[in-house]
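Protein chains get the first letters and strands the later ones, always in sequence-line order, with residue 1 at the start of each.
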Amino acid sequence: MKYNPQQLEAKWQAAWDKNGLFNVSEDPLREKYYLLEMFPYPSGKIHMGHVRNYTIGDVIARYKRMCGKNVLHPMGWDAFGLPAENAAIENNTHPARWTYDNINAMKAQLKTMGFSYDWDREIATCDPEYYRWEQLVFLKMYEKGLAYKKRTHVNWCEKCQSVLANEQVENGCCWRHTQEEVSIREMDSWFLKITDYAEELLEYCGKLSGWPESVTAMQKNWIGKSRGTIIRFPVADSKEVIEVFTTRPDTLFGATFMCLAPEHPMIKGLIKGGSMEAQVMDFIDRTLKIDSYMRTADFTVKEGIYTGVDCINPVTDERIPIYVANFVLIEYGTGAIMSVPTHDQRDFEFAKKYGLKLRVVIQPEDRPLKEEDMQEAYEVPGILVNSGRFNGQGNIDAQDNITEYLQSQGKGYKTVKFRIRDWGISRQRYWGAPIPIVYCDKCGTVPVPADDLPVVLPLDLDMLPNGGSPLPVTQSFYETTCPKCRGKARRETDTMDTFVESSWYFTRYACPDYNKGPLDQKRVDYWMPVDQYIGGIEHAILHLLYARFFTRVMNDLGHVKVREPFTNLLTQGMVCKETQECPTHGYLFPKEVKEGRCIKCQAEVITGNTLKMSKSKKNVIDPQELIDQYGADTVRMFCLFAAPPEKGLEWSDQGVEGVFRFLNRVWRVVVDHLADITGVSPYDGAKPLEGMARDLHRKTHQTIKRVTNDIDTRFHFNTAIAAVMELVNEIMQLVISEDPKDNTSWAVIREAVEAAIVLLSPVSPHITEELWRMLGHQQHLIEVPWPVYREEALIEENILVVLQVNGKVRSKIEVPASYDEKQIEEFALKDQRVVTFVGGKQVKKVIVVKKKLVNVVV
RNA sequence: GCCUGGGUGGCGGAACUGGUAGACGCAAGGGACUUAAAAUCCCUCGGAGCUUAGUCUCUGUACGGGUUCGAUUCCCGUCUCAGGCACCA
């Protein structure tokens, strides 16, 4: 009987489905385990990245289930988003139609992979029954001031025809359109007040012990807390005061000029009627025309202009000039800085360029520092000089002392600044959740009453050919009555960033059918938090930070008990493959290459770098084709075997072959000896064993131990699979080379075969299920308890001891395991090769490591 | 520049707390079976050396040092790759 994966996989998937094998409910008597993979955007087809992500998750889900946990393992769809609108225009269809067709297609594909999802909990975020609760949460946030609208400078992507959040801008470009530079526009926009939670989000980064440090480090970086001091500089000959933010108050006595951001609101007033008014305005106009990416690029030359106005250094009482400078950022600190050219490299360069004064206020301990000799700023610790009463203090101590002094004089105060800014969620898009707000000429901004929710996204309208949102031109949508005065009013036509949906979907999985509120507290409290979350590293900041923020909001609103959503996080690496390029036809799909040549022109194909699989580079493998050829079990196993999950996975067609060969070996070892194996019960440890049977029995239990350890504590599925491969190799050896005739040997073989099947079942669930039934079992494998190794089976009568002389391996001996250290040492010193290498020299020292090694030092 | 994480055979990767470096797999080479091929099975496989071809010797985990009886593993320095942040005052 031949291994026919397609046929038996379909059979078992149907059986699991029919029995509702993966559907779960709350059971207070059992320990819960919530395993979650990041839900996909329904683009139409699953790709290798999905397959890897979901396979890793499925192995853990099945493993935990076999260990007796009540496992929640749901799946759903991040269903709003721009591609649906573009596709709708292109194919003359509707985003909803396109989205739901894609969901159906992808769901069918996921089912052919045999993943153990509870499909009864499926969520699509574009369903009004989902986003109505999101709208409700938005209204509650609005009430508490956590959602607000303001006119401000925002990031605009021309391709998206929409505003983007700061987190969605990468290297000055849109995160979805990496070639599209983001421009700055001034617009009305809705924001969520993530900055209220900045301190806590940062603090908990240090407590997320189940997260990779790289991710928490990135988040810390993004939140960007810095402690510093606000210092008030009076404007000379005026009552005005300019506040600056600095992290280096210790250098205050060396501040010899000030710089303002071009957008600083006080500039116009300061220069009005002054000698420099026209020139300064011209400079500001020129600077602001340059887009923000170019303006802040590191190669942009530092430039500034004197305003003609001075201010007073509050500790030296000296008049210092005020400049406007292109490198000062309005959004950080106060948009004004005090400049200390002697101890800050940027200020040093600026001062040299414009001939400004230098004053050393920190002296190194080993050499004198003089202003006229300086080639660069002195930025490391030292002792304060030229700093009045603070002279002689170490500069680190002086930071607090000077701040306290300023505070006592009313000239400044200690403060904390964050880099993170509020989350801009307005999108000028159609295919998203409507923001439940109404604008009334009389009453102003009015929230939609909770009873009127959901504000349903209308489906009966046509897309605009230019790609813009049809909502602002759809009268039936935007025309409404004011909930307060019943007069004519206009609906908000912006929709929410799709990251809002993904910020709470994981809680909704606990109660997807609940219709009295966003969350059914009882069920959510049972399942939350997510015990293990798995997804791509690309969401290190975006989704994972938003979700942590949103969970805190939901907690403050009383919807969930937890404050952190994800206890453990696994970020899997990308799936990569080398690119192939034809000199005339550009990048080629693997199919377009035959024997190293382009099938269109026969030119020799250039093999390029190994890069993340992407359609644009055409270095993609369609998982469906692999499933059709080898079956899901092979595809799943290869994804796990080729590399540990957090590392990149390099695609290898031969590697897939190899895994397929292995599964065939497992198949044959059972099928070819079915009568012999089923003729006995698995070895139970009662009868003493010897020879190869004893070795195999030991190997079986060693393998159980290794695999359990690899999966449970390390998620190193590659070594777990390797361990089972070793076991299968040993089974084959006994079956083929020894050709056993006795029942005891077959009983040991049966024990080993069953262990191999059960241990492999989370990885390749179909073939193992089939073999398990062949052996006469009735249960589904997922209902079989995870095997436990027997300690006594691991005991070895002889152990191998490595003998070293001066740290070099010279011999290996087998000694009875019962030997103590003294006996082993005696044995080692008598070993012929050890004697040779000692060569009659004086033995200085003998190190004995129990059951492992002896090192003789001469 | 700063913050993470890496660098081990021809390749993907093992080596868990410092104790035999290279598990497992791929590729390659040789052999068995076969009229032949496929499939399958067996053997070899880091490098160099050899008057004893071995249970041999030397060498080898990016590079240079150190600690240790012993270092892929710990410490210091350097190079390099990947990801993130970056004129943040």
Whole-Å distance between rG25(B) P and Glu726(A) CD?
8 Å
Integer-rounded Å distance: rC88(B) P and Ile420(A) CD1:
19 Å
Pair listing, salt bridge (Lys or Arg N to Asp or Glu O under 4.0 Å) test, anchored in residues 212-225 of chain A, at least two apart:
Glu199(A)-Lys225(A)
Any donor-acceptor pair under 3.5 Å between the side chain of Arg248(A) and the base of rA89(B)?
no
Which part of the nucleic acid, if any, lies within reach of [X] when heavy atoms closer than 4.0 Å are counted: base, sugar-phosphate only, or nothing?
X         : answer
Asp710(A) : nothing
Gly648(A) : sugar-phosphate
Phe641(A) : base
Asp344(A) : nothing
Lys647(A) : sugar-phosphate
Gly658(A) : sugar-phosphate
Leu800(A) : base

I'd like to know whether Phe641(A) forms a ring-ring contact (aromatic ring centres under 6.0 Å, His included) with Phe717(A), so could you lay out the CA-CA distance, the side-chain angles of the two residues, the decisive distance to 0.1 Å, and finally the verdict.
CA-CA 6 Å; Phe641(A) 182 60; Phe717(A) 310 109; over 10 Å; no
Both distances under 3.5 Å, Watson-Crick or G-U wobble: report the partner of [N], or none.
N       : answer
rA15(B) : none
rA39(B) : none
rU67(B) : none

In B/S/- notation (B base, S sugar-phosphate only, - none; protein heavy atoms under 4.0 Å), nucleotides 54-62 of chain B written 5' to 3' is -BSSSS---
Would rG9(B) be called syn or anti here, given the cut-off of 90° from 0?
syn
Parallel under 30°, tilted from 30 to 60°, perpendicular over 60°: which one fits the rings of Phe245(A) and Tyr332(A)?
perpendicular
Is the Phe638(A)-Phe660(A) ring centre distance short of 6.0 angstrom?
no
Going by side-chain hydrogen bond (donor to acceptor under 3.5 Å, both in side chains), name the residues that satisfy it together with Asn221(A), two or more places apart in sequence or in a different chain.
none
